[in-house]
2 protein chains.
Amino acid sequence: MYNLRLLRYVDAVARSGSIRKAAEQLNVVSSAVNRRILDIEDEIGTALFERRPRGVRLTAAGELFIAYARKQIADSERMLSEIEDLQSVRRGEVRIAAIEGMAAEFLPRTIEAFQQRHPKIRFRVYICGRGDIHTRLKEFEADIGLVFNPPADAEIRPLLEVEQRLCAFVAPDHPLAARESVRLSDCIAYPLAVPDTSLGGRALLDEFLARRSLRLEPALESNSFEMMRNFAIKSGGVCFQIQSGMPPAHLPGGMHALPLSDRGLRRGRLTLCMEHSRSLPVATARFAEYLKQRLREETS
Amino acid sequence: MYNLRLLRYVDAVARSGSIRKAAEQLNVVSSAVNRRILDIEDEIGTALFERRPRGVRLTAAGELFIAYARKQIADSERMLSEIEDLQSVRRGEVRIAAIEGMAAEFLPRTIEAFQQRHPKIRFRVYICGRGDIHTRLKEFEADIGLVFNPPADAEIRPLLEVEQRLCAFVAPDHPLAARESVRLSDCIAYPLAVPDTSLGGRALLDEFLARRSLRLEPALESNSFEMMRNFAIKSGGVCFQIQSGMPPAHLPGGMHALPLSDRGLRRGRLTLCMEHSRSLPVATARFAEYLKQRLREETS
DNA sequence: ACTGAGTGATGCCGTAACGGCATCGCAATG
DNA sequence: CATTGCGATGCCGTTACGGCATCACTCAGT
């Protein structure tokens, strides 16, 4: 069965109109070129060249074959070039599964900054609940995940963990806005919006409340930080959520994030992770490193 | 260098997600498939598959490669199919060089009839002077030629020769129209249009007149039969031209062709010919046979 | 007519590429 | 721990390939 080298032989013969001349150009003996051409003709069942006393000339079948050969040569070169691009991070796709809190600000900003340097790298981001992230990784729908306090899972390997505090978020003109930190008991007098179990921070809240006589009567419970945030602004209330790598300068709506200072309220872990047996493509691995660096910077 | 069989190996592995399963489907041992894949990966410089405990999975580079491989497989099948079409006369191009007299009626009609049965066969027809036809054949611009009384040429091989009489063409209402044949002397009383040296028949006329006291004073001399014909109709004159395979029922403008019956006026040879060392493509050879048959029918 | 040059085709042979058989090394499962 | 399933590897016989030498034919010049 003919291969690329043989296609180059045929191409050279067609161009020079002579088996010997082509062989010279290819730095092989003419008998080798001749024999390969005869083999191909045998296989196809028809002559690709008319033999003339002073060289050869393409037949009609040869014209069809040479068009195919030249296309193959060009296609293979393009394919190798594309793979080379992939190797040098000039090309690729990064698929991320992340919890909702990363969507408003941190991830868009981080991806945009990375793309400044790698414009041909595409991203695909799935925002989903905490439980879905592991599934996406394990089913190879995503390459890396950003999840809060993930359950133990032998198939998931953490790449980085950063601590995240539970914060109370209030509008800039809220009575508590001027404080450096608050306690849960400070917030009870206002309408409360709390995360449901699919968001980061709910487990921390539940665990803390279970050990206290304190009881929360939330006005709102939601799986959407955006929902909770806007409710807090409108109602003059307080919503709770992990910090999620948001520096104060970047909080949406000018909200203030006030760390909860209650003793016994544990911090959570924001985890960058992947499926444990994966070998990440170059572009993804490069982005994961960049993400780790960014997370470290923004949580220090 | 990878060839089509190896591309099929890679394709089968990608589809089944397992080297052993693919090997079964391909009826080869898995070690052979594995080794070919490792060879390709070596050559390209990157892994095409991630090795998992229960099989393999395409890498990003592998995705690019498989797209290329599948395209190659499809392209080669299409190319073989096209060459097969060529072999079975389902496809092809026929290039003809012919003298002008064939253009009005005979060649169009013959080609059209042939294309009823072979619609994918294309034609390219060059109408040119007698001297140009051999040049076109020898320079491979045309595959077959139709020429009148061609000069001897070792590089040109005749396929068929049919005799052609020199005729006088007159309009249907011309005084000579009712005759079965005429003599040159019968025509002298009318305006005469004669062919120049690039048309068939002129050599016959010249040869005959050189041996007689008769002298023609043509009102028109042209290299275009259409020109001469229309002149004869308009002027109530006579034009001369070889029969050129035109049966009476098909003469343009309802003209009558009256054979010249002068003793000593030789007949000419209409020749179907080709370059002597050529091996004609199937479609062309088939058409040449059809042309021979048609010429025989219409000159008998 | 003879000779030399140029061409594609073919015989022989050593090396490279390939597939088959058997086995190894590792992970997952019961 | 033993078994199963998987890709990887060693060894070997067969097939594919290129190199060297030569053959067969055509063409051009003397």
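We name chains A, B, ... by the order of the sequence lines, and we start the count at 1 in each one. From a predicted model like this one, the values you see are computed outputs, not experimental measurements. Only this structure's heavy atoms are used, side chains among them; waters, hydrogens and symmetry mates stay out.
Considering all non-hydrogen atoms of both residues, B:Ser30 and B:Arg20 come closest at CB-CG, 3.8 Å. Residues A:Gln25 and A:Ser16 come closest through the heavy atom pair NE2-CB, 4.0 Å.
Where A:Arg54 and B:Gly55 each meet DNA chain D at their nearest nucleotide, the meeting point lying more 5' is that of B:Gly55. Nearest-nucleotide mapping onto DNA chain D: of B:Ile19 and B:Arg35, the residue sitting toward the 5' end is B:Ile19.
For the pair B:Asp39 CG and C:dA17 C1', the interatomic distance rounds to 9 Å; values are reported in whole Å. In this entry the distance linking CZ of A:Arg5 with C1' of C:dA17 reads 10 Å, nearest Å. When the P atom of C:dA28 is taken as reference, atom CZ of B:Arg51 falls 17 Å away, rounded to whole Å. One can place CD1 of B:Ile37 at 13 Å from P of C:dC18, the figure rounded to the nearest angstrom. Across the protein-nucleic acid pair, A:Leu26 atom CG and D:dG19 atom C1' stand 15 Å apart, rounded to whole Å. For B:Glu41 and D:dG7, the CD to P distance is 12 Å, given to the nearest whole Å.
A:Ser18 has a side-chain polar atom (N or O) that falls below the 4.0 Å cut-off from OP1 or OP2 of C:dG8. Remark: A:Lys21 is not in phosphate contact with C:dG6, judged by side-chain N or O atoms under 4.0 Å from OP1 or OP2. Contact between the side-chain N/O atoms of B:Arg36 and the OP1/OP2 oxygens of C:dG19 is found at a separation under 4.0 Å.
Distance from the side chain of A:Ala32 is smallest to D:dG19 among C:dC18, D:dC17, D:dG19. Taking every side-chain heavy atom of B:Val28 into account, C:dG20 is the closest of C:dA27, D:dG7, C:dG20. Listed candidates were C:dC18, C:dT10, D:dC27. Nearest to the side chain of A:Leu38 is C:dT10.
Using a 4.0 Å cut-off between a side-chain N of Lys or Arg and a carboxylate O of Asp or Glu, B:Glu275 and B:Arg95 do not qualify as a salt bridge.
Judged by distance alone, with hydrogens and angles left aside, B:Arg52 brings no side-chain donor or acceptor close enough to the base of D:dG5 to form a pair under 3.5 Å. In terms of polar N and O atoms assigned as donor or acceptor, the side chain of A:Ser31 comes within less than 3.5 Å of the base of D:dC20 in a complementary pairing. Side-chain N/O atoms of A:Arg20 and base N/O atoms of C:dG6 include no donor-acceptor pair closer than 3.5 Å.
Using cut-offs of 30° and 60° on the angle between ring planes, the pair A:Phe114 and A:Tyr290 is tilted.
The residue A:Val33 sits apart from the nucleic acid: no heavy atom pair falls under 4.0 Å. Within the nucleic acid shown, A:Phe49 has no heavy atom closer than 4.0 Å to any nucleic acid atom.
More than 12 heavy atoms of other residues, nucleotides or ligands sit less than 6.0 Å from atom CZ of B:Arg51.
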